[in-house]
Amino acid sequence: MTEDRQRLILAAREAATRAHAPYSRFAVGAALLMTDGSLITGANVENASYGLSLCAETVAIATASAAGRLRDVVSIGVIGGAMDAEGHASGTAPVSPCGRCRQILNEAAQLGGRDLMVHCGAAEGDAVASYRLSELLPQAFGPADLGIH
Ligand code: THU
């Protein structure tokens, strides 16, 4: 739905303002639409030990899980962009979830029995590319493979 998509992109932009990204200076925000219409957001959390950094999508999914709502995710909006001198994300190129985040999103998708819509937006401008998670991560390994439903 176009309305949901716009709402998710705006919430992801807002979330990106809380990115902790002093190393890459690339801020990412993610917003999950839940079954009850509420949103759960996350932003990337980098670490001085660079490889320990957490992506925005992973933080959002972990927040949903901590709230006992891993099965209730319907769709996600993601935005990202290089931070300008004031620390604001900039740029008009849509960002799509990295491979690890696709797998983490798949956990929520399979547990909830839904093929999540993934809306990839940019820090600025109107460009949004929408995909089903099953297109971004075909033939996914998931909880069902371990007998978990
Ligand atoms: N990043 C995300 O938050 N999500 C992605 O899907 C791709 C990358 C973050 C990780 C790192 O903090 C910064 O973007 C640059 O890679």
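Small disclaimer: the values here were computed from a predicted structure and weren't measured.
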Check your understanding: Which atoms form the tightest heavy-atom contact between Gly77 and Ala12, and what is the distance?
Key -> O-CB, 3.7 Å

Exercise for review: Apply side chain to side chain contact (heavy atoms under 4.5 Å, CB included) to the pair Met34 and Leu39, showing each step before the final yes or no.
Suggested key: CA-CA 6 Å; Met34 310 302 288; Leu39 301 182; over 6 Å; no

Practice item. Compare all side-chain heavy atoms of Thr2 with those of Gln6 and state whether any distance is below 4.5 angstrom. Key: no

Check your understanding: Atom CD1 of Ile9 and atom CG of Asp4: how far apart are they, to the nearest 0.5 Å?
Key -> 11.5 Å

**Study point:** Exam field: side chain Asp72 to backbone Asp36, donor-acceptor pair closer than 3.5 Å
**Key:** no

Point to revise | Connected via hydrophobic side-chain network under 4.5 Å: Ile79 and Val95 | key: no

Review point. Just checking, any donor-acceptor pair under 3.5 angstrom between side chains of Asn47 and Ser53?
Key: no

Check your understanding: Rounded to the nearest 0.5 Å, how far apart are SG of Cys98 and CD of Glu57?
Key -> 6.0 Å

Exercise for review: May I ask you to decide if Ala82's main-chain N or O and Ser90's side chain share a donor-acceptor pair within less than 3.5 Å?
Suggested key: yes

Exercise for review: Starting from the C-alpha separation in whole Å, work towards a yes-or-no answer on side chain to side chain contact (heavy atoms under 4.5 Å, CB included) for Arg18 and Thr41.
Suggested key: CA-CA 10 Å; Arg18 295 185 289 278; Thr41 61; 3.8 Å; yes

Exercise for review: Locate the shortest heavy-atom distance separating Gly29 from Ala15; write the atom from each residue and the value.
Suggested key: CA-CB, 4.3 Å

Practice item. Please answer whether the main-chain N or O of Phe26 pairs with a side-chain N or O of Asn44 as donor and acceptor at a distance below 3.5 Å. Key: yes

Check your understanding: Between Ser38 and Arg69, is any side-chain donor less than 3.5 angstrom from a side-chain acceptor?
Key -> yes

Review point. About how many Å separate CG of Leu111 and OG of Ser65, when rounded to the nearest 0.5 Å?
Key: 9.0 Å

Study note, to complete from the structure: Here the gap from Tyr131 atom OH to His119 atom NE2, rounded to the nearest 0.5 Å, amounts to 12.0 Å

Exercise for review: Take atom CZ of Arg132 as the centre, draw a 6.0 Å sphere, and report whether it contains more than 12 heavy atoms from other residues, nucleotides or ligands.
Suggested key: no

Point to revise | Where Met83 and Ala21 come nearest, the two heavy atoms and their spacing | key: SD-O, 3.9 Å

Practice item. Check whether Val28 and Val45 end up in the same hydrophobic cluster, where Ile, Leu, Val, Met, Phe, Trp and Tyr are linked by side-chain heavy atoms less than 4.5 Å apart. Key: no

Check your understanding: Would you find a donor on one side and an acceptor on the other, under 3.5 Å apart, between the side chain of Arg102 and the backbone of Ser96?
Key -> no

Point to revise | Heavy-atom side-chain proximity of Ser75 to Ser130 below 4.5 angstrom | key: no

Check your understanding: Looking at Asp84 and Arg25, does any basic side-chain N land under 4.0 Å from a carboxylate oxygen?
Key -> no

Check your understanding: Is there a chain of hydrophobic side chains (I, L, V, M, F, W, Y, each step under 4.5 Å between heavy atoms) that links Leu8 to Val118?
Key -> no

Check your understanding: Are Leu32 and Leu136 in one and the same hydrophobic cluster, where Ile, Leu, Val, Met, Phe, Trp and Tyr link if side-chain heavy atoms are under 4.5 Å apart?
Key -> yes

Point to revise | Check: Thr63 side chain, Val59 main-chain N or O, donor-acceptor pair, under 3.5 Å | key: yes

**Study point:** Glu124 side-chain N/O to Thr92 backbone N/O, donor-acceptor pair under 3.5 Å
**Key:** no

**Study point:** Value rounded to 0.5 Å, distance of CD1 in Ile40 from CG in Leu33
**Key:** 10.0 Å

Exercise for review: Mind checking side chain to side chain contact (heavy atoms under 4.5 Å, CB included) for Tyr23 and listing every partner two or more places apart, or none if nothing turns up?
Suggested key: Glu46, Ala48, Tyr50

Check your understanding: Are the side chains of Val74 and Leu116 in touch, meaning some heavy atoms are under 4.5 Å apart?
Key -> no

Review point. Are Leu137 and Leu146 linked, directly or through other ILVMFWY residues, by side chains that come within less than 4.5 angstrom of each other?
Key: no

Point to revise | Validation row: Leu105, Pro97 side chains within 4.5 angstrom (heavy atoms) | key: yes

Check your understanding: What's the shortest heavy-atom distance between Ala89 and Ala27, and which atoms?
Key -> CB-CB, 4.1 Å

Check your understanding: Counting only N and O atoms by type, is there a donor-acceptor contact under 3.5 Å from the side chain of Arg114 to the main-chain atoms of Arg71?
Key -> yes

Exercise for review: Quick one: do Cys55 and Arg100 satisfy side chain to side chain contact (heavy atoms under 4.5 Å, CB included)? Show the steps, please.
Suggested key: CA-CA 9 Å; Cys55 289; Arg100 183 176 188 269; over 6 Å; no

Practice item. Provide the closest heavy-atom pair for Gly142 versus Asn106 in the form atom of the first, atom of the second, distance. Key: CA-ND2, 3.8 Å

Exercise for review: Verify, without hydrogens or angle tests, whether Gln110 (side chain) and Glu107 (backbone) share a donor-acceptor contact under 3.5 angstrom.
Suggested key: no

